[in-house]
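In what follows, a structure is listed as structure tokens, so that the remarks can point back to it.
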Amino acid sequence: GAGVSQTPSNKVTEKGKYVELRCDPISGHTALYWYRQSLGQGPEFLIYFQGTGAADDSGLPNDRFFAVRPEGSVSTLKIQRTERGDSAVYLCASSLEQGLPLHFGNGTRLTVT
Amino acid sequence: RKEVEQDPGPFNVPEGATVAFNCTYSNSASQSFFWYRQDCRKEPKLLMSVYSSGNEDGRFTAQLNRASQYISLLIRDSKLSDSATYLCVVNMDGEGTYKYIFGTGTRLKVLA
């Protein structure tokens, strides 16, 4: 079956612009997680969903970051007024249910110029 | 104190060597533990889950020490293909959340 799919794979944007990153989890996986990873660091937790609701958004760095999962499947991570410091690889992962291992997508490499 | 801590390395070892990594975690209520492997510019991939009794998968052995709040990964008979970053992951159960926290990763280079 299909794995976790993330689009786009690369995104270059100018400082101050708005971007949306999309994640399509494995079918039937109820939990969906967003991370970002900078070079030489481990993935940094941003937010996770259980079904349609954000169960824990404590990792979102500020109010420029927002994520939704309206139908409990596809999720979109939205970043407003992008800054150069937002440049990173944004990883999405899903799991069959909370507590089980995560399955990652290939990531979206975001570059803010 | 960081929630999950790992020695970033790098660990440079010859082929055939045995190497061990430790990872400490801060939340005593954590229930789920994993080791992931990440190759350069790729996504993390599950290597193994870590159970209370410890578990083994071929050349890889993972153990959990709840009293001291650490998990370990042992790799025997290292292969060149084992060169990667090994990420420790702890699920922050018990605080009304199930977020997974990653360590910074330990880099391993197996040398010919």
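Convention: sequence-line order gives letters A, B, ...; per-chain numbering from 1.
Of all non-hydrogen atoms in I101(B) and F45(A), the two that sit nearest each other are CD1-CB, 4.1 Å. G105(A) approaches E43(B) most closely through the heavy-atom pair O-CB, 3.0 Å.
H103(A) is not listed as a side-chain neighbour of L46(B), based on a closest heavy-atom distance of 4.5 Å or more. The shortest distance between side-chain heavy atoms of L91(A) and P44(B) falls below 4.5 Å. Between L87(B) and P43(A) the shortest side-chain heavy-atom distance falls below 4.5 Å.
If you measure heavy-atom distances from S32(B) to chain A, the contacts under 4.5 Å come from the side chain alone. Both the backbone and the side chain of F104(A) come within less than 4.5 Å of a heavy atom in chain B. Neither the backbone nor the side chain of I47(A) has a heavy atom closer than 4.5 Å to any heavy atom of chain B.
Under the 6.0 Å cut-off for aromatic ring centres, Y35(A) and F102(B) qualify, their centroids lying closer than that. Aromatic pair Y33(A)/Y100(B): ring centres closer than 6.0 Å.
Clustering ILVMFWY residues whenever any of their side-chain heavy atoms sit less than 4.5 angstrom apart, transitively, puts V4(A) in a cluster other than the one holding Y36(B). Hydrophobic clustering (side-chain heavy atoms under 4.5 Å, transitive across Ile, Leu, Val, Met, Phe, Trp, Tyr) keeps L77(A) apart from F66(A). By the rule that hydrophobic residues join a cluster once side-chain heavy atoms approach within less than 4.5 Å of another member, V13(B) and L74(B) end up as members of separate clusters. Note on F65(A) and L21(A): same hydrophobic cluster, where clusters join Ile, Leu, Val, Met, Phe, Trp and Tyr whose side-chain heavy atoms are under 4.5 Å apart, directly or indirectly. Criterion: ILVMFWY side-chain heavy atoms under 4.5 Å apart, direct or through other members. Under it, Y48(A) and L60(A) are not part of a common hydrophobic cluster.
L39(A) CG: 12 or fewer foreign heavy atoms inside a 6.0 Å radius. The number of heavy-atom neighbours closer than 6.0 Å to OH of Y51(B), taken from other residues, nucleotides and ligands shown, is 12 or below. The 12-atom threshold is exceeded at CZ of F11(B), counting heavy atoms of other residues, nucleotides or ligands nearer than 6.0 Å.
Counting only residues at least two apart or on different chains, no side-chain hydrogen bond (donor to acceptor under 3.5 Å, both in side chains) pair has a member in residues 104-113 of chain A.
Side-chain contact check for Q37(A) and Q38(B): at least one donor-acceptor pair (N or O, by modelled atom type) lies under 3.5 Å.
In this structure, CG on D56(A) lies 12.0 Å from OH on Y98(B), to the nearest 0.5 angstrom. Note that OG of S49(B) and CG of L100(A) are 8.5 Å apart. Values are rounded to the nearest 0.5 Å.
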Quiz item: Please walk me through it: do L102(A) and F34(B) pass side-chain contact (heavy atoms from CB on, under 4.5 Å)?
Solution: CA-CA 9 Å; L102(A) 298 179; F34(B) 309 93; over 6 Å; no

